[in-house]
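Following: one structure in structure tokens, then a few remarks.
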Amino acid sequence: MPSIEKTFIMIKPDAVRDRKSGLIIDRIERCGLTIERMEKCELDDETVKVHYAHLADKPFFGDLVAFMTSGPVVKMVVSGLGAVSKMRTLMGATNPQDAAPGTIRGDFAIDVNSNVIHGSDSLENAAIEIERFFG
Ligand code: DAT
Ligand code: MG
């Protein structure tokens, strides 16, 4: 039985720039999930480097940090039954080429470098990320 969870979601700079935030938020709410907190902000290098520390040794890490600091993001706390895995399903695969049609990445993203949305990958990381971005 899924329980009520909170997850950390971030609409990335590409989607904010393309004015897709409203369409993405609509999909989240249609799933029965609730926006608990939401704020538009800009990220500094240090925050992005900590957030993506598990990828620090990858060749694309520099591009990832540059992308995530290239413009404002919309950060959110989203709650609901099984919110962590529900959001991962709604988002689709990391690489938009593998993301199913009907998912947010499948419908709005083209390229893995700029894939529209972040969502926590576990309940444990959700708590860490909510603390990191909302304190
Ligand atoms: P996810 O965002 O689905 O949790 P992740 O945590 O493995 O995926 O990677 C974080 C971000 O890093 C991802 O959203 C986009 C970027 N990324 C991952 N793999 C990549 C790759 N092979 N090439 C370029 N960017 C990549
Ligand atoms: Mg991840």
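We count ligands from 1, going down the list as the structure has it; atoms in each ligand are counted the same way. Keep in mind the model is a prediction, meaning the values are calculated, not measured. Nothing fancy with the numbering, it's 1 onward along the sequence.
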Checklist entry - Does M91 come within less than 4.0 angstrom of ligand 1, counting non-hydrogen atoms of the residue? => result no
Next on the checklist: I'd like to check which ligand 1 atoms, numbered from 1 as shown, lie under 4.0 Å from a non-hydrogen atom of N113.
Outcome noted: 24 (C), 25 (N)
Checklist entry - Identify the closest protein heavy atom to atom 6 (O) of ligand 1: which residue and atom is it, and at what distance? => result H54 NE2, 3.2 Å
Checklist entry - Would you find more than 12 non-hydrogen atoms of other residues, nucleotides or ligands less than 6.0 Å from I110 atom CD1? => result no
Next on the checklist: Below 3.5 Å, N or O to N or O, backbone or side chain included: is there any such pair between H118 and ligand 1?
Outcome noted: no
Checklist entry - Which option, F60, Y52, F61, owns the non-hydrogen atom nearest atom 26 (C) of ligand 1? => result F60
Checklist outcome for this item: dist F8:CZ -> S120:OG (nearest 0.5 Å) comes out at 7.0 Å
Checklist entry - Is there a donor-acceptor contact under 3.5 Å from the side chain of T69 to the main chain of V65? => result yes
Item to check | Any F133 side-chain heavy atom under 4.5 Å of E39 side chain | outcome: no
Next on the checklist: Distance to the ring centre below 6.0 angstrom and angle to the axis at most 45 degrees; does that hold for K75 and F134?
Outcome noted: yes
Next on the checklist: Strictly distance-based, threshold 3.5 Å: is any side-chain N or O of T89 a donor or acceptor partner for the main-chain N or O of S85?
Outcome noted: yes
Item to check | Per-atom contacts, ligand 1 versus L64 - under 4.0 Å to a heavy atom | outcome: 12 (O), 16 (C)
Checklist entry - Measuring from the heavy atoms of R105, does anything fall under 4.0 Å of ligand 1? => result yes
Checklist entry - If we only count N/O pairs under 3.5 Å, is T94 in contact with ligand 1? => result yes
Checklist entry - Does L55 come within less than 4.0 Å of ligand 1, judged by its heavy atoms? => result yes
Item to check | Atom pair CD1/CD1 of I104 and I117 - distance to nearest 0.5 Å | outcome: 4.0 Å
Next on the checklist: How long is the straight-line distance from CG of D63 back to OG of S70, given to the nearest 0.5 Å?
Outcome noted: 11.0 Å
Next on the checklist: Check for me whether K12 has a heavy atom closer than 4.0 Å to any atom of ligand 1.
Outcome noted: yes
Checklist entry - For atom 13 (C) of ligand 1, which candidate among N115, D121, V116, V65 holds the nearest heavy atom? => result N115
Checklist entry - In terms of residue, atom name and distance, what is the protein heavy atom nearest to atom 4 (O) of ligand 1? => result R88 NH1, 2.8 Å
Item to check | Top protein contact for atom 15 (C) of ligand 1, by heavy-atom distance | outcome: V112 O, 3.4 Å
Item to check | Side-chain donor or acceptor of E5 paired with backbone N/O of A83 under 3.5 Å | outcome: yes
